[in-house]
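Below is one structure; the comments refer to it alone.
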Amino acid sequence: MFSRAALLTAQRPLAVAVTRSAAAAAGQSGSGSIERRQRPEHPGKVRLGFVPEEWFQFFYNKTGVTGPYTFGVGLITYLCSKEIYVMEHEYYSGLSLGIMAVIAVKKLGPVIAKWADGEIDKIESEWKEGREAELKVLSDAIEAEKKEQWRADGALLLMDAKKENIALQLEAAFRERAMNVYSEVKRRLDYQVECRHVERRLNQKHMVNWITTNVLASISPQQEKETLNKCIADLSALALRVKTA
């Protein structure tokens with residue numbers, strides 16, 4: 001806790017303390033007791049729980065490795081010796097709370113960090129499982145959609161095959177009916193031809209019978225006798241001719 005007098009005189013002693021600390025660090029660095037080293041920069045890294053790494057790098061470049069620590073110890077010693085920072089009961093209470101906080105962080109920190117890491121891993125695993133399950137569902141939906149598209153293409157091919165089958169059935173029915181028509185027409189034409197043949201034969205038979213009957217009716221018994229004698233004479237002459245030959 002700062003007093004009014006400390007607030008009025010704080011600016012000048014602080015400047016003097018910074019100058020003295022910087023001079024002491026420069027003297028130590030100039031004497032060659034401690035070498036300056038360039039440490040690698042670690043963005044976002046802190047020391048002592050709250051001091052950024054860049055501040056230490058700045059002091060390392062200006063005062064050497066022991067410069068920040070010398071400045072800190074000297075500043076604390078100056079504040080306490082000049083009673084700028086008064087160590088009253090609140091100081092010890094704060095110191096006790098700080099020690100308790102450090103102990104709590106050292107003792108309970110790893111356990112709580114492990115538990116928090118486990119919870120975080122659990123939540124991440126649940127999110128990952130949900131994401132993987134959703135991706136699996138989506139991939140299954142995509143595969144199902146592709147299968148349905150393939151089935152739709154197959155349905156189109158099946159429709160074309162059915163159309164061709166129906167066309168073949170119609171062609172077969174047309175040819176069957178055409179054959180039936182041909183058979184019926186041929187049968188009727190054969191019937192008409194057979195009727196004409198039967199009619200012709202009947203006419204020929206009737207005409208032959210009529211002619212024979214009329215011819216026989218026109219021949220008298222005398223003509224029949226003369227014709228018979230004439231035939232016999234012709235046959236005798238033919239026989240003699242054959243014998244002489």
Side-chain angles (χ1 to χ4, degrees), residues 37-61 68 98 100-212:
R37 294 181 297 173
Q38 296 292 336
R39 296 190 178 183
E41 297 182 357
H42 300 281
K45 188 176 180 180
V46 295
R47 293 191 183 185
L48 303 178
F50 64 95
V51 181
E53 179 71 19
E54 289 79 4
W55 291 13
F56 284 91
Q57 292 294 333
F58 175 76
F59 281 109
Y60 288 158
N61 295 331
M100 292 175 64
V102 171
I103 294 174
V105 170
K106 295 295 184 181
K107 297 295 183 180
L108 301 178
V111 178
I112 297 175
K114 184 178 180 180
W115 173 80
D117 292 339
E119 292 295 325
I120 292 173
D121 294 338
K122 183 178 179 181
I123 294 173
E124 287 181 354
S125 62
E126 291 178 355
W127 287 356
K128 186 176 180 180
E129 289 177 359
R131 179 174 175 273
E132 291 178 353
E134 186 175 359
L135 289 176
K136 186 176 184 303
V137 170
L138 294 177
S139 62
D140 293 340
I142 292 172
E143 293 296 331
E145 182 64 24
K146 290 181 179 180
K147 186 178 291 184
E148 291 298 328
Q149 292 178 1
W150 175 76
R151 288 180 179 176
D153 296 337
L156 294 177
L157 295 176
L158 180 61
M159 186 64 66
D160 294 337
K162 288 183 177 180
K163 288 181 179 179
E164 292 180 359
N165 191 12
I166 292 172
L168 292 175
Q169 291 178 359
L170 292 175
E171 183 68 20
F174 171 76
R175 291 179 180 274
E176 182 179 1
R177 293 180 181 180
M179 191 65 187
N180 291 333
V181 171
Y182 169 77
S183 300
E184 291 294 328
V185 171
K186 184 177 182 301
R187 186 175 62 82
R188 294 185 182 186
L189 291 177
D190 292 341
Y191 173 75
Q192 294 296 329
V193 171
E194 189 66 24
C195 289
R196 294 296 181 274
H197 289 169
V198 172
E199 184 178 359
R200 186 180 296 111
R201 287 196 298 271
L202 291 175
N203 290 333
Q204 289 177 357
K205 184 177 180 181
H206 177 70
M207 184 174 293
V208 168
N209 291 332
W210 179 76
I211 292 171
T212 304

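- The structure places CD of E129 at 10.5 Å from NZ of K122, a figure rounded to the nearest 0.5 Å.
- Distance check, rounded to the nearest 0.5 Å: CG of D140 to CG of L135 gives 10.5 Å.
- Distance check, rounded to the nearest 0.5 Å: CD1 of I120 to CH2 of W127 gives 10.0 Å.
- Expressed to the nearest 0.5 Å, how far NZ of K114 lies from CG of D121 amounts to 11.5 Å.
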Below 3.5 Å, can you tabulate the donor-acceptor pairs from side chains in residues 185-203 to any protein atom, sequence neighbours excluded?
from : atom 1 : to   : atom 2 : distance (Å)
K186 : NZ     : D190 : OD2    : 3.0
R187 : NH2    : E184 : OE1    : 2.8
N203 : ND2    : E199 : O      : 3.0

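- Considering CD of E145 and CG of L138, their distance stands at 13.0 Å, rounded to 0.5 Å.
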> So E132 and K136, salt bridge (Lys or Arg N to Asp or Glu O under 4.0 Å) or not? Walk me through it.
Replying inline: CA-CA 6 Å; E132 291 178 353; K136 186 176 184 303; over 6 Å; no
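- Note that CG of L158 and CG of D153 are 12.5 Å apart. Values are rounded to the nearest 0.5 Å.
- Within the 3.5 Å criterion, the main-chain N or O of A161 finds no donor-acceptor partner in the side chain of N165.
- Counting non-hydrogen atoms of neighbouring residues, nucleotides and ligands closer than 6.0 angstrom, the CD atom of E134 reaches no more than 12 such neighbours.
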